[in-house]
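Heads up, the thing below is written out as structure tokens.
Below, read A as the first sequence line, B as the second, and so on, with proteins coming before strands; counting in each chain starts at 1.
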Amino acid sequence: MTEMLSAGSSLLAADDSNAIKDAINALCAPHWFFILSCASITVFMVGYRRFTKPGFALFAVVGFTVFYALSALDSDFRSIIAKPDNVPITMMIYLVGFFVWLSFRQAAINDQNTEMGRPLSEAGSDDKVLVWPDLVYIELIALVLCMVFLTVWSVVLRAPLEQPANPSVIPNPSKAPWYFLGLQEMLVYFDPWIAGVLLPGLVIVGLIAVPFIDKNPRGNGYYTLRERPFAIGVFMFGFVILWVVLIVFGTFLRGPNWNFFGPYEFWDPHRPAALLNINLAEIFWVQWLGRGIPMEGWGPLPTFMVREAPGIVLLSFYFFVVPAILRYTIFRKLGAQMGFVRYALMSQLFLWMVFVPIKMVLRWTLNFKYFVAITEYFLNF
Amino acid sequence: MNLFDRFGDWVRGGQVWGSVFRHGVPRDRRTRAMAILSNVFLHLHPIAIRKSGIRLSFTWCMGGLTFFLFLVEVVTGVLLMFYYRPTVEYAYFDIQGLRAHVTLGLLREMHRWGAHAMIISIWLHMLRVFLTGSYKPPREFNWGVGVILLVLTLLLSFTGYLLPWDQLAMWAITVGSNMARATPLLGHEGPLASLITVGDVPLVHAGDDARFGLLAGTFVGPNALLRFYVLHCVFLPVVVTVLIAVHFWRIRKDGGVSGPL
């Protein structure tokens, strides 16, 4: 064990590249990193009763800490995590991991209890205690510990202060505050009005709409997964993958010119930019039909309607026909429970959420740009 | 009875103590209930609470910590306002001076790290509320208030990010606010905005669109600094305070910390 550790540390500490670092860098290529994240959270949720056992959790946290600590020996990785404003991201990774474990652990115990006809661990609603002293003291201790933690953090780590603001010196990369890096990542795949206005708007509206969409009466006030797998699955995908993992993306893997870099790669500002991205219209008219992109309208249809016809048909199918198909297949029970309006809202929000990773993966694998590109009116999807 | 206890009884028996705390030492059920009821801060709580509702593994205390961090931000923020002038000439050097000349100059560190911690704790609070299904009836409305509070917390942090007026601040805000010019109809690079015209004159242009409204200019300059300062120190905290009051009130009215029905 010690030998393995020292061998691992010497490999990661060496600043020149080697097989292990290259392998990790390759695994952090966007499509692999994304697919592996999705796969691991799926496996975790499917096998939550086994994977939340304290032994597994301890193994995971020790393994991750060793990996993180050894990675910190690499100067490129260290330069990222040592930035003062990136310290909260390390904290976020640990805290989100811990609390996801804690909640699924309690869900596993509750679900097992329910199956065996035993009461929930939150049961016993008649069993009341007085707020003074039971709750007031918990609150007091929590805020004292929080204050101690914050004070120590403030003494140990100075808040960053770079050069004075200068409109003529543009840093490369220019990054938004870390909590918005997921949205900044969206700018790569979508036009600014979708990435910066529509998608955050849908997140806010979607979150507020959750209690009105989710008509499942079970699982109110206690941890469970078995009784509401769809709601929790969607939320975990949205929060852990599309929010937290994309923040990790933006922090660790996005370098100059917003290019992808492995965690142990030097942020070379002169690395060549990405290949030219292509639209669906080009793939359809040029590559498949072997003719030019239509430059004229057809009857009353303006040019862009003809040119973008394949994308318009495809997206209309995705947003209007797919919900109907899902309604009578996968979502049969859910749809019947919800009624038309709720189902329509839920399916649109759900399909938008799935649209995001579809476009991301298509970009990484096929250099795909837009399904529909009506550049005349800045309407690109 | 030793001297210490006798002194304590003397203080608690006097008129001054009795004018502040209108109940005896909280040692029995009645006085403990009075301790909560007769205190303006503590009466946000119910008198009694379900035992599982206060278990740390159930609530993680994340909502409470978010509120506490908000209070830390208010106190440190007010103190920072003594040392900081929101103008391009002074802002950066006031922050530098804060580091160099102010005794126990931890204010800015506490304010910044407290803000980051508050963002993480509010996310975790939302995670807990979702995973325990606590948004379900009768708590739908309060979940919505919570979502708005989450957005406002991010906006508070975002507006504060500009105030040190260094490169980090300026370009992070530039990246963030650039999206506003792509707002549909209201941003000059947004979809459909080009259709809003009077005759040949476009109504939505760089000098009057959504981004201009946010920055009070076409770039992140002195006006943006002042605007973000006012939003950060006055407008957003007031809105957040009101919504926190609603949020807490509704927790009580909706039946307290959630539990199995």
Side-chain angles (χ1 to χ4, degrees), chain A residues 88 91-92 95 99 102-103 106 120 122-125 127-132 134-135 138-139 142-143 146 150 153-155 158-167 171 174-177 179-180 184 191-193 196-197 204 207-208 210-212 219-223 232 235 239 377-379, chain B residues 26 32 35-36 45-52 54 57-58 60-61 64-65 68 92 95 106 108-110 112-114 116 119-120 124 127 130-136 140 143-144 147 151 154 158 161 164-168 170-172 175-176 179 182-184 190-192 258-261:
Chain A
M91 283 165 55
M92 175 190 71
L95 286 171
F99 283 112
L102 182 64
S103 45
Q106 295 181 77
L120 298 161
E122 289 91 348
S125 51
D127 192 15
K128 288 205 166 187
V129 292
L130 285 169
V131 164
W132 185 293
D134 294 71
L135 178 57
I138 290 178
E139 287 174 345
L143 69 86
C146 176
L150 196 58
W153 187 5
S154 304
V155 171
R158 303 236 66 165
L161 189 65
E162 296 186 353
Q163 295 297 307
N166 185 346
S174 289
K175 291 192 179 184
Y179 37 84
F180 285 147
Q184 195 178 0
D191 277 9
W193 75 275
V197 184
I204 296 168
L207 280 173
I208 293 178
V210 159
F212 305 101
N220 186 344
Y222 53 93
Y223 289 100
I232 289 181
F235 184 80
F239 178 65
Y377 296 102
F378 298 112
L379 275 174
Chain B
R32 283 176 172 176
I36 299 297
H45 299 102
I47 292 168
I49 191 166
R50 289 174 47 258
K51 203 169 180 178
S52 72
I54 61 168
S57 58
F58 183 73
W60 316 341
C61 210
L65 283 183
F68 176 63
Y92 182 80
I95 299 287
L106 287 181
R108 186 168 163 251
E109 275 70 23
M110 293 199 110
R112 193 179 188 99
W113 304 143
H116 289 332
I119 284 172
I120 297 176
L124 292 173
L127 180 72
F130 193 97
L131 291 180
T132 53
S134 305
Y135 57 81
K136 298 190 175 198
E140 309 100 308
W143 165 265
V147 172
V151 175
L154 292 176
F158 182 70
Y161 215 84
W165 202 246
D166 62 345
Q167 282 288 77
L168 192 65
M170 176 180 225
W171 292 102
V175 168
M179 300 195 194
T183 315
L192 308 178
S258 66
L261 297 172

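- Proximity to chain A is limited to the side chain of B:L65, based on heavy atoms less than 4.5 angstrom apart.
- In this pair, B:H116 and B:W113 present their aromatic rings tilted. The plane angle is within the 30 to 60° band.
- B:I119 touches chain A through its side chain: at least one heavy atom from C-beta onward sits under 4.5 Å away, while N, CA, C and O do not.
- Here A:F99 pairs with B:W60 under the ring-ring contact (aromatic ring centres under 6.0 Å, His included) rule; sequence neighbours left out.
- Residues B:I120 and A:Y179 have side chains not in contact (no heavy-atom distance under 4.5 Å, counting atoms from C-beta outward).
- For chain A, the option among B:L131, B:T183, B:L106 with the highest count of heavy-atom pairs below 4.5 Å is B:L131.
- Between A:I232 and B:F130, the closest heavy-atom pair is CA-CE2, 4.0 Å.
- Looking at A:Q163, the atoms closer than 4.5 Å to chain B (heavy atoms on both sides) sit in the backbone and in the side chain alike.
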Practice task
Give the C-alpha distance, both sets of side-chain angles, the deciding distance and a yes or no for side-chain contact (heavy atoms from CB on, under 4.5 Å) between A:V131 and B:I47.
Solution key: CA-CA 6 Å; A:V131 164; B:I47 292 168; over 6 Å; no
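- Counting heavy atoms from C-beta outward, B:Y92 and A:E162 have side chains that stay 4.5 Å or more apart.
- Residues satisfying the salt bridge (charged side-chain N to carboxylate O under 4.0 Å, His left out) test with B:E109, not counting sequence neighbours, are A:R158.
- The contact between B:W143 and chain A is made entirely by side chain atoms (from C-beta outward), counting heavy-atom distances below 4.5 Å.
- Between B:P46 and B:I36 the shortest heavy-atom distance is O-CG2, 3.7 Å.
- B:T132 touches chain A through backbone and side chain together, each having a heavy atom under 4.5 Å away.
- Of the atoms belonging to A:L150, heavy atoms from both backbone and side chain fall under 4.5 Å from chain B.
- Considering only heavy-atom pairs separated by less than 4.5 Å from chain B, the leading option among A:Y222, A:Y223, A:F180 is A:Y223.
- Per-residue heavy-atom pair counts under 4.5 Å with chain A were compared for B:Q167, B:E140, B:M179, and the maximum is reached by B:Q167.
- When A:D191, A:V197, A:L120, A:I138 are compared by the number of non-hydrogen pairs under 4.5 Å with chain B, A:V197 comes out ahead.
- Among the candidates B:G144, B:G114, B:P26, the residue making the largest number of heavy-atom pairs closer than 4.5 Å to chain A is B:P26.
- Panel note: side chain A:W193, backbone A:L379; no donor-acceptor pair is recorded below 3.5 Å.
- Contact between B:P164 and B:R112 at its shortest, heavy atoms only, is CG-NH1, 4.2 Å.
- With chain B as partner, the option from A:A142, A:P171, A:S154 having the largest number of non-hydrogen pairs under 4.5 angstrom is A:S154.
- When heavy atoms are compared at a cutoff of 4.5 Å, B:L127 approaches chain A by way of both its backbone and its side chain.
- Heavy atoms of B:R32 lying under 4.5 Å from chain A belong to its backbone as well as its side chain.
- Highest contact tally toward chain B, considering only A:P164, A:A176, A:P88, A:S174, is held by A:P164 [criterion: heavy-atom pairs under 4.5 Å].
- Using a 4.5 Å cut-off between heavy atoms, B:L168 contacts chain A through both its backbone and its side chain.
- Note: A:P160 leads A:S103, A:P160, A:C146 in heavy-atom pairs under 4.5 Å with chain B.
- The closest side-chain heavy-atom distance from B:S258 to B:Y135 is not below 4.5 Å.
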